[in-house]
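Reviewing the structure listed below.
Keep in mind that this is a model prediction, so the values were computed, not measured. Residue numbers count from 1 along this sequence.
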Amino acid sequence: MTHRATQQVVQRVRPLLERLATRTIDRARLLQYLSAMAGVDWGVLRLRERLMQREEGDTVEVLILEDGVSGAEYQVQYPLCLPRDLDRAVREEYKRLALDRPLTTMNQVLFDHLYAASHCAGCRWAGPQHAQIHLECRFAGYPVNYEPA
């Protein structure tokens, strides 16, 4: 049952991962990071330390996490594909998708980052008079009402 639930979460977050990361390794690191930080937010894991390390010529941030029950330690790399200014919004979106809660919307800042230039700027439903249409897109988490102007 756990395996099936995990597959469902991955299916729900896949579009977010693909929008933020182009390489498979980056998507994997992003998923691992988001899952771990959701665990911290939900009290399952504890963030013990953040370290900067050199890896393959890059400086990367490594997070040391501790399992609240077993005490086991895990290392997770901060994903290079995740802009720091979007970290909180992306983490909230991951939790929204992971929980599959009804009637919630994607964070406006994240939605704008992902779709404003590519879709919203050229959509015939642009403008504040179409706020309900914009809200429907944010509920879906992608431009469901996109129609070129």
Side-chain angles (χ1 to χ4, degrees), residues 1-47 49-65 74-149:
M1 190 62 100
T2 303
H3 176 69
R4 185 170 183 82
T6 301
Q7 282 182 325
Q8 291 170 349
V9 170
V10 172
Q11 286 303 108
R12 287 193 299 269
V13 301
R14 178 173 277 136
L16 177 66
L17 301 174
E18 290 173 348
R19 200 78 180 155
L20 290 168
T22 55
R23 299 182 320 157
T24 302
I25 187 67
D26 292 331
R27 285 191 296 268
R29 285 183 179 145
L30 181 57
L31 178 60
Q32 185 180 42
Y33 169 76
L34 293 173
S35 298
M37 293 310 290
V40 170
D41 290 347
W42 293 328
V44 177
L45 299 173
R46 186 171 67 94
L47 179 59
E49 194 172 358
R50 292 177 178 261
L51 306 167
M52 299 304 286
Q53 295 181 349
R54 299 270 305 156
E55 185 178 294
E56 298 177 14
D58 290 325
T59 302
V60 296
E61 182 178 7
V62 176
L63 290 76
I64 311 296
L65 301 149
Y74 304 97
Q75 290 189 4
V76 174
Q77 189 178 109
Y78 186 89
L80 297 175
C81 63
L82 179 57
R84 296 285 179 167
D85 60 332
L86 289 179
D87 180 74
R88 182 179 172 94
V90 171
R91 288 171 43 194
E92 290 303 314
E93 179 65 4
Y94 173 84
K95 290 187 295 188
R96 179 180 88 90
L97 295 169
L99 294 175
D100 196 24
R101 296 180 293 205
L103 299 177
T104 60
T105 59
M106 179 183 274
N107 175 288
Q108 183 71 54
V109 172
L110 180 58
F111 192 90
D112 289 347
H113 175 80
L114 296 176
Y115 302 109
S118 63
H119 290 80
C120 301
C123 183
R124 72 177 273 191
W125 305 112
Q129 69 274 23
H130 301 293
Q132 179 60 40
I133 293 172
H134 305 163
L135 190 59
E136 291 171 7
C137 291
R138 287 187 44 229
F139 272 122
Y142 60 94
V144 292
N145 294 319
Y146 174 70
E147 291 182 32

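Shown here for Glu93 and Met106, the closest heavy-atom pair between the two residues is OE2-CE, 3.2 Å. A pairwise comparison of heavy atoms in Asp26 and Ala21 identifies CB-CB, 3.7 Å as the closest pair. Residue Thr104 comes nearest to Phe139 through the heavy atom pair O-CD2, 3.0 Å, listed as atom of the first residue, atom of the second, then distance. Shortest non-hydrogen contact noted between His113 and Leu86 is CD2-CD1, 3.1 Å. For the pair Phe111 and Gly141, the tightest heavy-atom approach, listed with the atom from each and the gap, is CE1-C, 4.1 Å. Smallest separation of non-hydrogen atoms from Cys137 and Val144: SG-N, 3.6 Å.
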- prompt: Checking salt bridge (Lys or Arg N to Asp or Glu O under 4.0 Å) for the pair Glu61/Arg54: CA distance, chi angles, key distance, verdict?
  reply: CA-CA 9 Å; Glu61 182 178 7; Arg54 299 270 305 156; over 6 Å; no
- request: Determine, step by step, whether Tyr33 and Tyr78 satisfy the ring pair (Phe, Tyr, Trp, His ring centres under 6.0 Å) criterion, reporting the C-alpha distance in whole Å, the side-chain angles of both residues, the deciding distance to 0.1 Å, and the verdict.
  value: CA-CA 6 Å; Tyr33 169 76; Tyr78 186 89; 4.9 Å; yes
- request: Test side chain to side chain contact (heavy atoms under 4.5 Å, CB included) on Leu16 and Tyr142 and set out the steps.
  value: CA-CA 9 Å; Leu16 177 66; Tyr142 60 94; over 6 Å; no
query: Can you list the steps and then say if Val9 with Leu97 is a side chain to side chain contact (heavy atoms under 4.5 Å, CB included)?
result: CA-CA 7 Å; Val9 170; Leu97 295 169; over 6 Å; no
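With a 4.5 Å cut-off on side-chain heavy atoms, Cys120 and Trp125 do not count as touching. No side-chain heavy atom of Gln77 sits under 4.5 Å from any side-chain heavy atom of Leu63. Between Val76 and Leu65, the closest side-chain pair of non-hydrogen atoms falls below 4.5 Å. Looking at heavy atoms from C-beta onward, Leu17 lies in side-chain contact with Leu34 at the 4.5 angstrom threshold.
Rounding to the nearest 0.5 Å gives a distance of 4.5 Å between CG of Leu99 and CH2 of Trp42. Rounded to the nearest 0.5 angstrom, Thr105 OG1 and His134 NE2 are separated by 14.0 Å. Here Arg12 contributes atom CZ and Gln7 contributes atom CD; the two are 12.0 Å apart, rounded to the nearest 0.5 Å. Going from atom CG of Leu80 over to atom CZ of Arg29 covers 7.0 Å, rounded to the nearest 0.5 Å. Atom CD of residue Gln108 and atom CG of residue Leu135 lie 9.0 Å apart, to the nearest 0.5 angstrom. Note that the OH atom of Tyr94 and the CG atom of Leu31 stand 5.5 Å from one another [nearest 0.5 Å].
With respect to Glu18 and Arg23, no salt bridge is recorded, no charged nitrogen being found less than 4.0 Å from a carboxylate O.
Checked by atom type, the side-chain pair Ser118/Arg19 shows a donor-acceptor distance below 3.5 Å. Judged purely by distance below 3.5 Å, without hydrogens or angles, the side chains of Gln11 and Arg14 pair a donor atom with an acceptor atom.
Checking side-chain atoms of Asn107 against main-chain N and O of Val109 turns up a donor-acceptor pair under 3.5 Å.
Here salt bridge (charged side-chain N to carboxylate O under 4.0 Å, His left out) pairs that include residues 110-130, with residues two or more places apart or in two chains, are Arg124-Glu147. Sorted by first and then second residue, the salt bridge (charged side-chain N to carboxylate O under 4.0 Å, His left out) pairs with a member in residues 32-42 read Asp41-Arg91, Asp41-Lys95; sequence neighbours excluded.
Under the side chain to side chain contact (heavy atoms under 4.5 Å, CB included) criterion, Asp85 pairs with Pro83, sequence neighbours left out.
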